[in-house]
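Working notes, beginning with the structure itself.
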Amino acid sequence: MMRTLLLLPALACLLAPPLRAETLPDDLVTLEVLPGWRSAEGRHMAALRLTLAPGWKTYWRAPGAAGLAPLLDFDASTGVSAAEPRWPVPEVFHFNGMRSIGYHDAVTIPLDLTLDGGPARLAGEIEIGVCDEICVPVRLPFAVDLPEAGDRDPAIAAALVDRPLTAEEAGVQATCAVAPGADGLGLTVHLALPPLGPDEAVVIESADPGLWVSETAITRDGGTLVAIAQALARDGGAPSLDRSRLRITVLGEGRAVDIQGCQAG
């Protein structure tokens, strides 16, 4: 099922003067809903597939300082009690000294759905940034009836394979040291992990919406990757940090490791 974009009222210009909507490519981005299949346990695997105009890209769940975070809204769904995106491994982009994280050309985002039982309809919208020299925010509505059985979709299966390894699968050990600073908390993460490639990146996210974690500075000493960041309270108050609620992703050369929480150290 195909859906074309709705341009939002304003264009967000990041790197160039804004373009008028009529100068944008007709095929800037399209959305296809892949209805997927039902598991024997009653869960359902569907997906959203975004196809971009040549040269354009969109962003991962943690887009970096130069990107726009995607927003997924499933509130119009029926028979679906929860939806968890399974983000494929993204790429790291650098432009004018800024880092962003996302996808070019196309991306299939699997959705692991928890059902209430009986007929189910997946409906809502996704709001994304679609970027080249400028960044255009767009909103894409979607709606599809989910089959009660359905065949295993090879496009969804391929996207599920293209996922980060877990900490257990990668054999990584993570420790986090926290120290008070002038503007918040200093966070130093040590990861016992072999190199993923010559150009590695580390992203730290917090499950606490009131806490902001900065982009990391990283160094490597053999089998240990060290990432340093700052954690600040969004309301300007004194921040508190729960190590168990940190999500640390290491990216490199088309591979990634997803680490949930870390030990004190």
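In what follows, every heavy atom counts, from backbone to side chain, and hydrogens, waters and symmetry copies are set aside.
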For R38 and E148, what are the C-alpha separation, side-chain angles and deciding distance, and is it a salt bridge (charged side-chain N to carboxylate O under 4.0 Å, His left out)?
CA-CA 6 Å; R38 192 79 47 94; E148 293 189 8; 5.8 Å; no

Using the rule given for side-chain hydrogen bond (donor to acceptor under 3.5 Å, both in side chains), can you reason through R43 versus T114, listing the C-alpha separation, both sets of side-chain angles and the distance that settles it, and then say yes or no?
CA-CA 5 Å; R43 299 181 68 83; T114 303; 3.1 Å; yes

Take E200 and V202 through the side chain to side chain contact (heavy atoms under 4.5 Å, CB included) test and state the conclusion after the steps.
CA-CA 7 Å; E200 295 174 301; V202 176; 5.9 Å; no

CA sep, side-chain torsions, deciding dist, call: I134, W56, side chain to side chain contact (heavy atoms under 4.5 Å, CB included)
CA-CA 9 Å; I134 64 163; W56 291 73; 4.2 Å; yes

Kindly determine whether Y59 and I101 satisfy side chain to side chain contact (heavy atoms under 4.5 Å, CB included), including the steps that lead there.
CA-CA 6 Å; Y59 294 104; I101 303 171; 5.9 Å; no

Test I156 against M45 for side chain to side chain contact (heavy atoms under 4.5 Å, CB included), laying out the working first.
CA-CA 8 Å; I156 301 177; M45 188 64 70; 3.8 Å; yes

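Residues S100 and W60 fail the side-chain proximity criterion, which asks for heavy atoms closer than 4.5 Å. Contact annotation: the side chain of P147 never approaches that of W37 to less than 4.5 Å [non-hydrogen atoms, C-beta and beyond]. Between I218 and V226 the shortest side-chain heavy-atom distance does not fall below 4.5 Å. When side chains are defined from C-beta on, C176 counts as touching L246, because their heavy atoms get closer than 4.5 Å. Looking at heavy atoms from C-beta onward, D73 lies out of side-chain contact with I126 at the 4.5 angstrom threshold. V80 is not listed as a side-chain neighbour of F74, based on a closest heavy-atom distance of 4.5 Å or more. Using a 4.5 Å cut-off on side-chain heavy atoms (C-beta onward), C262 and T175 make no contact. Between T30 and L50 there is no side-chain heavy-atom pair separated by less than 4.5 Å.
Grouping the Ile, Leu, Val, Met, Phe, Trp and Tyr side chains by contacts below 4.5 angstrom, directly or via other members, places V203 apart from V172. Grouping the Ile, Leu, Val, Met, Phe, Trp and Tyr side chains by contacts below 4.5 angstrom, directly or via other members, places W87 apart from L196. Hydrophobic cluster membership is shared by V33 and V29, with clusters built from Ile, Leu, Val, Met, Phe, Trp and Tyr side chains linked at under 4.5 angstrom.
Cation-pi geometry between K57 and F93 is satisfied (NZ or CZ under 6.0 Å from the ring centre, within 45° of the ring normal).
Summarising the hydrophobic clusters (Ile, Leu, Val, Met, Phe, Trp, Tyr; side-chain heavy atoms under 4.5 Å, direct or chained), the residues clustered with L232 are W212.
Between the side chains of S206 and D208, no donor N or O sits under 3.5 Å from an acceptor N or O. Looking only at atom types and distance, the side chain of R99 has no donor-acceptor partner in the side chain of H94 under 3.5 Å away. Residues T108 and R49 bring a donor and an acceptor atom of their side chains to less than 3.5 Å of each other.
Between G129 and T58, the shortest heavy-atom contact is O-OG1, 2.8 Å. P239 approaches A231 most closely through the heavy-atom pair CG-O, 3.9 Å.
In this structure, the separation between CG on L211 and OG on S240 is 7.0 Å, given to the nearest 0.5 Å. With values rounded to the nearest 0.5 angstrom, L122 atom CG is found 4.5 Å from S77 atom OG. Going from atom CD of Q230 over to atom CG of L185 covers 8.5 Å, rounded to the nearest 0.5 Å. With values rounded to the nearest 0.5 angstrom, L111 atom CG is found 7.0 Å from F142 atom CZ. Put simply, CD on E84 and CG on D112 are 6.0 Å apart, with the number rounded to the nearest 0.5 Å. The distance from the CD1 atom of I128 to the CG atom of L52 is 6.5 Å, given to the nearest 0.5 Å.
The environment of CG in D235 is crowded: more than 12 heavy-atom neighbours from other residues, nucleotides or ligands sit within 6.0 Å. Heavy-atom neighbours of D242 CG from other residues, nucleotides or ligands within 6.0 Å: above the threshold of 12. More than 12 heavy atoms of other residues, nucleotides or ligands lie within 6.0 Å of CD in E125, so this atom counts as buried by the packing criterion.
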For residues 61-69, which side-chain donor-acceptor pairs fall under 3.5 Å, sequence neighbours excluded?
unit_1: R61; atom_1: NE; unit_2: E205; atom_2: OE1; d: 3.1
unit_1: R61; atom_1: NE; unit_2: E205; atom_2: OE2; d: 3.0
unit_1: R61; atom_1: NH2; unit_2: E205; atom_2: OE2; d: 2.9
unit_1: R61; atom_1: NH2; unit_2: T249; atom_2: OG1; d: 3.3

Please tabulate, for the side chains in residues 160-171, all donor-acceptor contacts under 3.5 angstrom to protein atoms that are two or more places apart in sequence or on a different chain.
unit_1: R163; atom_1: NH1; unit_2: E169; atom_2: OE1; d: 3.0
unit_1: R163; atom_1: NH2; unit_2: E169; atom_2: OE1; d: 3.4
unit_1: R163; atom_1: NH2; unit_2: E169; atom_2: OE2; d: 2.8
unit_1: T166; atom_1: OG1; unit_2: E169; atom_2: N; d: 3.1
unit_1: T166; atom_1: OG1; unit_2: E169; atom_2: OE1; d: 3.4
unit_1: E169; atom_1: OE1; unit_2: T166; atom_2: N; d: 2.9

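When atom types are taken as modelled, the side chain of H104 and the backbone of E91 share no donor-acceptor pair closer than 3.5 angstrom. T216 places no side-chain N or O within donor-acceptor distance of the main-chain N or O of A227, the cut-off being under 3.5 Å.
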